[in-house]
Amino acid sequence: MSLPESASKKAARNEKLAATAAEDAKALASKKAAQATAFTERANKYQDEYEAAERSVIEKKREAKAAGAIYVPAGEKLVFAIRIRGINKVPPKEKKILRLLRLRQLHNGVFVKMNYATLRMLRRVEPYIAYGYPNLKTVRELVYKRGFGKVGKRGAWQRLPLSSNSVIEGALGSKGIECAEDLIHEIFTVGPNFKYANNFLRPFKLNTPKGGFSRVGKVTHFAEGGDAGNREELINKLVRRMN
C-alpha cells in the first residue's frame, strides 16, 4: 500500500533535514577538533615564551654579577588589587576611585595595568585595598577557578562562567583572543588588547583568607605588620588563601 503524497513529502523532508543535521554536526566536530589542536599549540607557544623570559632575567642577573654590577629588572606592568575594607566611613574621593577600579564590594579583586595614573589611584586608596604583583600561576588560577565574563550589550550584561572557550571567543574573538590561554597571556603580559580583556573579566569574588587577616588590623600598612597597601610579590600568598 502506497503512502499518501503528503506523507511521502514529509518523510523526504525529514530525511533531508536529518542528513543536513548530520553534516552540520560532523562539521562542528571537525571545527572543534581543529580548534583544540590550535589552542594546544598556542598554549605551548606561550609557555615557551614565559620560560624564555624567565631565563633571560636569570642570565642578565648572572652577567651583571660577573661584571660586579647589579641588574635592575624593568618595572612591574601588572597589579592585582583586592578590597579588604567595607563601605563604612569611606571619603567621597576614595569611594570614587574604588568604583573606577571596579572594587565595589568587600573581597573583590581586579587586575590593574600599572602606570603613573593608576599608581596614584592605588596609593590614594591604600587603606582599603591590598595589592601587589601577581605571577603567572596566580593569573591562571584566578581565570580558571573564579573567572566570569561580561557578555551582552550595555545595560543588559550577563555574568557567565568561563567554562567554555566559546564564551571568550564570542566576546574577544575580534581581538585575537579565542581561548582561556589567550586571555591569560593578554592579561599577564599586559598586551595591546589588555583593556578589552580586563574589561571582559568581571571582578573576582574571593573568600575571606584562611586564617584571617593579621591581628594588627586591616587599616595598618603591610610594611608595619598590617594588611593594607603594597605587598609586591607576597600578594600571591594572599590570593592563594582567598581563592
Side-chain angles (χ1 to χ4, degrees), residues 75-134 138-139 141-143 145-162 167-168 171-172 175 177 183-184 186-209 212-214 217-223 226-232 234-236 238-239 241-243:
E76 298 291 342
K77 297 185 293 182
L78 181 66
V79 163
F80 187 71
I82 305 170
R83 183 160 179 174
I84 60 173
R85 288 178 63 191
I87 61 174
N88 290 340
K89 299 180 181 180
V90 181
K93 287 187 178 180
E94 282 74 0
K95 185 180 292 185
K96 184 175 182 180
I97 292 173
L98 289 169
R99 287 179 178 174
L100 288 173
L101 293 172
R102 301 189 298 158
L103 295 173
R104 293 174 175 266
Q105 297 178 351
L106 185 66
H107 299 160
N108 273 8
V110 294
F111 293 113
V112 180
K113 181 180 179 179
M114 179 63 85
N115 54 41
Y116 178 72
T118 55
L119 178 59
R120 289 189 64 186
M121 292 168 67
L122 290 169
R123 286 180 175 171
R124 183 68 185 258
V125 296
E126 271 193 352
Y128 308 95
I129 64 172
Y131 65 97
Y133 314 131
T138 295
V139 176
E141 286 181 352
L142 285 168
V143 170
K145 187 174 180 179
R146 296 198 175 268
F148 281 80
K150 184 170 64 175
V151 180
K153 297 181 179 180
R154 185 179 296 275
W157 300 118
Q158 287 183 296
R159 183 173 178 269
L160 297 181
L162 305 182
V167 176
I168 300 171
L172 299 171
K175 306 298 179 183
I177 302 172
L183 181 60
I184 292 166
E186 193 68 25
I187 293 293
F188 183 66
T189 61
V190 190
N193 293 309
F194 174 85
K195 176 182 176 181
Y196 302 100
N198 197 35
N199 286 342
F200 164 72
L201 284 171
R202 299 293 293 169
F204 297 92
K205 293 181 179 292
L206 304 176
N207 297 320
T208 303
F213 287 103
S214 69
K218 291 189 284 186
V219 182
T220 308
H221 197 281
F222 181 71
D227 293 296
N230 190 0
R231 293 171 173 248
E232 299 185 356
L234 293 177
I235 191 67
N236 296 290
L238 179 62
V239 173
R241 290 166 53 207
M242 300 180 74
N243 201 352

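The figures that follow rest on heavy atoms only: side chains count, while hydrogens, waters and symmetry mates do not. What you see is a predicted model, and the numbers here were worked out from it, not measured in a lab.
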Exercise. Scan for salt bridge (charged side-chain N to carboxylate O under 4.0 Å, His left out) pairs involving residues 109-119, sequence neighbours excluded, and state none if there are none.
Key: none
Flag the pair [X] / [Y] as yes when at least one side-chain heavy-atom distance between them is below 4.5 Å, and no otherwise.
{"X": "N230", "Y": "Y133", "result": "yes"}
{"X": "V239", "Y": "I82", "result": "yes"}
{"X": "V90", "Y": "Y128", "result": "yes"}

Taking [X] for the side chain and [Y] for the main chain, is one N or O donor matched with an acceptor at less than 3.5 Å?
{"X": "N193", "Y": "K175", "value": "yes"}
{"X": "D227", "Y": "A130", "value": "no"}
{"X": "R241", "Y": "G212", "value": "yes"}
{"X": "R83", "Y": "L103", "value": "yes"}

Between [X] and [Y], which heavy-atom pair has the shortest distance, and what is it?
{"X": "L106", "Y": "G86", "value": "CD1-N, 3.9 Å"}
{"X": "P127", "Y": "R124", "value": "CD-O, 4.0 Å"}
{"X": "Y196", "Y": "L172", "value": "O-CD2, 3.8 Å"}
{"X": "V167", "Y": "P161", "value": "CG2-O, 4.1 Å"}
{"X": "R102", "Y": "P203", "value": "O-CG, 3.6 Å"}
{"X": "P134", "Y": "I235", "value": "N-CG2, 4.0 Å"}

Self-check item: salt bridge (charged side-chain N to carboxylate O under 4.0 Å, His left out) involving E141 - partner list, sequence neighbours excluded
Solution: R240
Quiz prompt | salt bridge (charged side-chain N to carboxylate O under 4.0 Å, His left out) against R123, all qualifying residues, sequence neighbours excluded | solution = none
Quiz item: How are the rings of F213 and H107 set to each other: parallel, tilted or perpendicular (split at 30° and 60°)?
Solution: tilted
Quiz item: Who pairs with F200 by ring pair (Phe, Tyr, Trp, His ring centres under 6.0 Å), at least two apart in sequence or on another chain?
Solution: none
What's the spacing between [X] [atom1] and [Y] [atom2] if we round to 0.5 Å?
{"X": "L98", "Y": "M121", "atom1": "CG", "atom2": "CE", "result": "9.0 Å"}
{"X": "L162", "Y": "L142", "atom1": "CG", "atom2": "CG", "result": "11.5 Å"}
{"X": "M114", "Y": "L78", "atom1": "CE", "atom2": "CG", "result": "9.0 Å"}
{"X": "N199", "Y": "F194", "atom1": "CG", "atom2": "CZ", "result": "8.5 Å"}
{"X": "I187", "Y": "L201", "atom1": "CD1", "atom2": "CG", "result": "5.5 Å"}
{"X": "K93", "Y": "I97", "atom1": "NZ", "atom2": "CD1", "result": "8.5 Å"}

Exercise. Please lay out, stage by stage, how Q105 and K205 fare under the test side-chain contact (heavy atoms from CB on, under 4.5 Å).
Key: CA-CA 9 Å; Q105 297 178 351; K205 293 181 179 292; 3.1 Å; yes
Practice problem: Using a cut-off of 6.0 Å, state whether more than 12 heavy atoms not belonging to R159 lie near its atom CZ. | Solution: yes
Quiz item: How about L234: does its CG atom have over 12 heavy atoms from other parts shown lying under 6.0 Å from it?
Solution: yes
Practice problem: Apply the test side-chain contact (heavy atoms from CB on, under 4.5 Å) to residues V79 and F111: give CA-CA distance (whole Å), side-chain angles for both, the deciding distance (0.1 Å), then the verdict. | Solution: CA-CA 6 Å; V79 163; F111 293 113; over 6 Å; no
Quiz prompt | Residues that R146 engages under side-chain hydrogen bond (donor to acceptor under 3.5 Å, both in side chains), provided they are two or more places apart | solution = N243
Self-check item: Those residues that, when tested against K77, pass side chain to side chain contact (heavy atoms under 4.5 Å, CB included) (two or more places apart)
Solution: V190
